[in-house]
Every structure is written in C-alpha cells, then in structure tokens.
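Input: a single structure, listed below in structure tokens.
Numbered from 1 within each chain, the chains take letters A, B, ... in sequence-line order.
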Protein chains: 2
Amino acid sequence: MKNPLGMAVLGLLLESPLHPHAMAATLRDRGMDRAFKVTTGSLYDVVRALVREGWIEARETVKVGARPERTIYGLTAAGQEEFTRWVDRLVREPQAEFPKFLSAVSYLGALGPAGAVEALRERADRLRASVEEIRRSHAAALGEVPRLFVIEAEYAARMTEAELAWVEEVAGEIEAGGLAWPEEGR
Amino acid sequence: MKNPLGMAVLGLLLESPLHPHAMAATLRDRGMDRAFKVTTGSLYDVVRALVREGWIEARETVKVGARPERTIYGLTAAGQEEFTRWVDRLVREPQAEFPKFLSAVSYLGALGPAGAVEALRERADRLRASVEEIRRSHAAALGEVPRLFVIEAEYAARMTEAELAWVEEVAGEIEAGGLAWPEEGR
DNA sequence: CCTCAAATACTCGGATCCGAGCGATCGGAG
DNA sequence: CTCCGATCGCTCGGATCCGAGTATTTGAGG
C-alpha cells in the first residue's frame with residue numbers, strides 16, 4: 001500500500017462511513033483532487049487493498065432502486081492508527097520524487113538557446129495562471145473552512161511560485177548569454 | 001509511452017548506440033538517476049516500447065564469452081525528432097503532479113499542533129541535508145562539464161530550498177499560535 | 001410527458017511498473 | 001590455481017494503475 005489515495009480514503013472515513021463512489025465525489029468536491037490523483041479504477045483497487053490490510057471493513061451493502069449495490073466501508077481501530085502514522089511518515093521523510101520537469105530540464109540543451117527560452121517562457125505563463133488559480137480557490141475556501149484545512153494550497157502556491165521564479169531567471173540568463181551553449185549535445 | 005525514462009534513453013542514444021545494461025550504468029554514473037527513476041525492470045519495458053514506436057531499433061546483438069547476448073539499440077530518425085518534441089513538451093506544459101508531501105500536508109491537522117511541529121522540524125532537517133548534498137555534487141560536477149549539463153541540480157536545489165522555507169515558516173507559525181487548530185479533525 | 005444530459009456506481013482488461021531472482025563471468029586474495 | 005564477491009545482463013510474474021465501457025436513474029427543459 002503505497003498509493004496516497006489510500007491515506008485520503010482513511011482520512012475521509014474518519015468522519016463517517018462511505019461507499020467508494022461517495023468517496024470520490026467528496027474528494028473532488030472538496031478540491032482534494034488537486035493533492036491526490038483520484039481515478040475510479042485506482043480507487044476501487046485501493047479500497048480492496050485497505051480491506052486486505054484490515055484498515056477498513058465493509059459495514060453494509062445497500063441497494064437503492066435497481067442501481068448496482070453500494071458497499072459502505074468504515075474505519076477499523078487499526079485504520080485510525082495507520083492514518084496518523086501514514087501522515088506522520090510522509091511529513092517527516094522527504095521521498096525521492098521525479099517530477100517530469102526535472103527530467104526535461106536535464107535535457108534542456110536539446111532545445112538550443114532560442115528554443116529553450118521560448119519553451120521556458122511559455123511554461124512561465126502557464127505557471128503564472130496556475131498560481132492565480134490556486135490563490136483564487138484558496139481565498140474562496142477560506143470563507144468556508146479554517147485555514148488549517150486548506151493549508152496545502154499555500155504550499156502548492158509557494159512551490160509553483162518558486163518554480164516560476166527559477167524558470168524566468170534561467171530564461172533571462174540564456175537570453176543575456178549568461179548560460180553558455182556548448183557545441184555538442186551531451 | 002509516458003515514462004520519462006524513455007526520454008532519457010533517447011537522449012543517451014543520441015550520443016551512441018548502447019545496450020540496455022550500459023544505458024542504466026551510464027545514467028547512474030552521470031547522476032541522472034536523481035532526475036529519472038531508473039529500475040532495471042522498467043528499463044527493459046521502456047526499450048521495448050521505444051522499439052514498438054519506431055524511435056529506436058536493434059542494431060546488432062553481440063555475444064561476449066558465454067554471457068547472455070547484448071542487443072545494441074540505436075536511434076532512428078523518428079527517434080531524434082521525438083526526443084526534441086518530448087523535451088519541448090515537458091518544458092512547455094506543466095503536468096499535474098502529486099508529490100506525496102502535498103497529500104500529507106492536506107491532512108496535517110491529524111497530527112495535532114505539537115505532533116505537526118515535530119514532524120515538520122524533522123523534515124526541515126532532512127531537507128537541509130538534501131540541499132547540501134545537491135549543492136556539493138553540483139559543485140563537483142561543474143569541474144567536469146559545462147553548467148548547462150547540470151542545470152537540473154540548480155532547479156532541484158531551489159525547489160528544495162523553497163520547500164524548506166515553507167516548512168520552517170509553518171512550524172514557526174504553529175508554535176507561535178498563528179495557525180489555529182480547530183477541535184474536530186475534518 | 002418525453003428526451004437527453006448529467007449523475008450514480010462499478011467492472012474489466014490491457015499497460016506499466018519493478019523488485020527478486022538467475023546464471024553466468026571477471027578480478028583479486030590467498 | 002581456486003575460491004568468492006562483485007559485476008554483468010536480463011527475465012519473470014505479481015502488483016498496481018487507470019481509462020474506457022456499462023447500465024441505470026434522476027432532473028431540467030421543452
């Protein structure tokens with residue numbers, strides 16, 4: 001069980017038992033799908049895995065009309081503990097991650113000076129838009145819930161801004177000739 | 001073909017044809033395994049996928065001693081084009097990514113004020129170490145190759161520093177009571 | 001009252017990921 | 001010359017991921 005979506009599920013069930021579809025719906029409508037990749041397929045796999053580990057359990061299966069049955073899952077005691085341990089571990093220990101942009105930057109040379117500047121500038125535009133979007137929805141959310149519950153937006157905004165600053169700086173440096181372009185692509 | 005490792009392979013083959021094991025070795029020894037997740041299993045899958053797409057092709061299979069055959073792959077013309085397009089796209093278009101820390105921060109509340117501060121401080125320590133490590137190896141590399149070829153380390157360092165700053169700031173705010181802890185975990 | 005888009009709720013199978021092996025061979029210590 | 005650990009080079013299969021598809025139901029608009 002590595003998938004953080006599992007953590008999200010535990011977190012939700014802490015409040016009240018739910019069936020998978022409701023989990024997805026809640027997650028999305030709280031905007032948590034910006035922090036967790038929630039796809040239906042994975043969700044059902046994750047739920048099955050959580051059951052296997054004994055962290056959640058089926059509470060009842062209801063049938064409303066002629067729709068497929070809904071199986072409602074609730075947290076076990078072990079699941080509650082696991083949730084806290086999980087959050088704690090992910091906060092404490094930085095994981096080696098491999099953002100795609102990091103990979104791309106490793107081969108920035110391939111674009112040539114002009115191409116690199118152009119691509120970087122376009123990224124910068126998109127990042128700017130993205131920061132604004134984050135700020136906007138964060139501000140909106142602050143009307144509804146305590147700041148602690150939407151603190152991740154502040155983190156996302158900060159990180160995006162940091163990237164934006166770096167991208168603009170490098171684009172500038174290339175244009176100014178401050179970042180030399182060797183002949184041979186490595 | 002989504003895996004950035006595919007891009008790394010194309011990038012390597014731009015220099016000279018190689019067999020998979022040599023690709024992994026080269027990648028690791030240039031320290032590119034900090035930007036690409038290189039695991040043997042995936043590598044062979046990725047190579048197969050690149051062949052399927054017609055971006056690389058088997059050039060020859062050599063047998064040295066009684067060891068397993070080595071199949072040497074080289075870039076096709078299509079592969080060269082694809083490489084540039086790939087880098088360009090990843091630079092231009094920010095991808096929605098889901099760093100584990102972002103997920104964890106979404107549930108920071110679960111740790112309680114004291115627990116959160118403690119965990120954040122530990123993360124801060126590790127991040128500091130990580131920045132130093134990046135800087136150190138970047139400085140070392142600068143003796144060997146042009147700056148453009150190790151620019152990704154500058155990006156990594158900046159992003160790690162940004163995270164570090166945020167983590168310390170939030171820990172400080174919690175301690176100072178500037179970030180309220182509602183009763184009920186959401 | 002009818003239609004059609006949206007929401008409800010999940011399944012399925014192909015694609016991908018990736019660590020644990022496996023069977024060599026090489027290099028150096030004794 | 002012989003043993004052993006490191007390196008070479010790859011395969012395999014289980015786990016996971018996830019989008020597309022399925023089948024129903026509700027609700028708003030005409």
- If you check the B:Arg48 side chain, which of D:dC18, D:dT11, C:dA9 turns out closest? D:dT11
- Message: As a test of reading the structure: which of D:dT11, C:dC17, C:dA9 is closest to the side chain of B:Asp45, going by heavy atoms?
- Response: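 The listed nucleotide nearest to B:Asp45's side chain is C:dC17.
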Rounded to whole Å, how long is the line connecting atom [atom1] of [X] with atom [atom2] of [N]?
X	N	atom1	atom2	value
B:Arg28	D:dG9	CZ	C1'	12 Å
A:Arg70	C:dA9	CZ	P	5 Å
B:Leu43	C:dC17	CG	P	11 Å
A:Leu5	D:dC18	CG	C1'	12 Å
A:Tyr44	C:dG13	OH	C1'	17 Å
A:Phe98	C:dT16	CZ	C1'	16 Å
B:His19	D:dG9	NE2	C1'	8 Å
A:Lys2	C:dC17	NZ	P	14 Å

Is the shortest side-chain N/O distance from [X] to OP1 or OP2 of [N] below 4.0 Å?
X	N	value
B:Arg52	C:dT16	yes
A:Thr40	C:dC10	no
A:His21	C:dC10	no
B:Asn3	C:dT16	no
A:Lys37	D:dC17	no

- Message: Measuring from atom OH of B:Tyr44 to atom CE of B:Met23, what distance do you get when rounded to the nearest 0.5 angstrom?
- Response: 8.5 Å
- Task: Any chance you could measure B:Leu27, atom CG, to B:Lys37, atom NZ, to the nearest 0.5 Å?
- Result: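 Result: 14.0 Å between the selected atoms.
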- Message: Between A:Thr160 (side chain only) and A:Val131 (backbone N and O only), is there a donor and an acceptor less than 3.5 Å apart?
- Response: no
- Query: Does A:Glu97 reach the main-chain N or O of B:Lys100 with its side chain, forming a donor-acceptor pair under 3.5 Å?
  - Reply: yes
- Message: If you assign B:Gly41 and B:Ala22 each to the DNA chain D nucleotide with the nearest heavy atom, which residue ends up on the more 5' nucleotide?
- Response: B:Ala22
- Give me the ring orientation class for B:Phe36 and A:Tyr107: parallel if the planes are under 30° apart, tilted from 30 to 60°, perpendicular past 60°. tilted
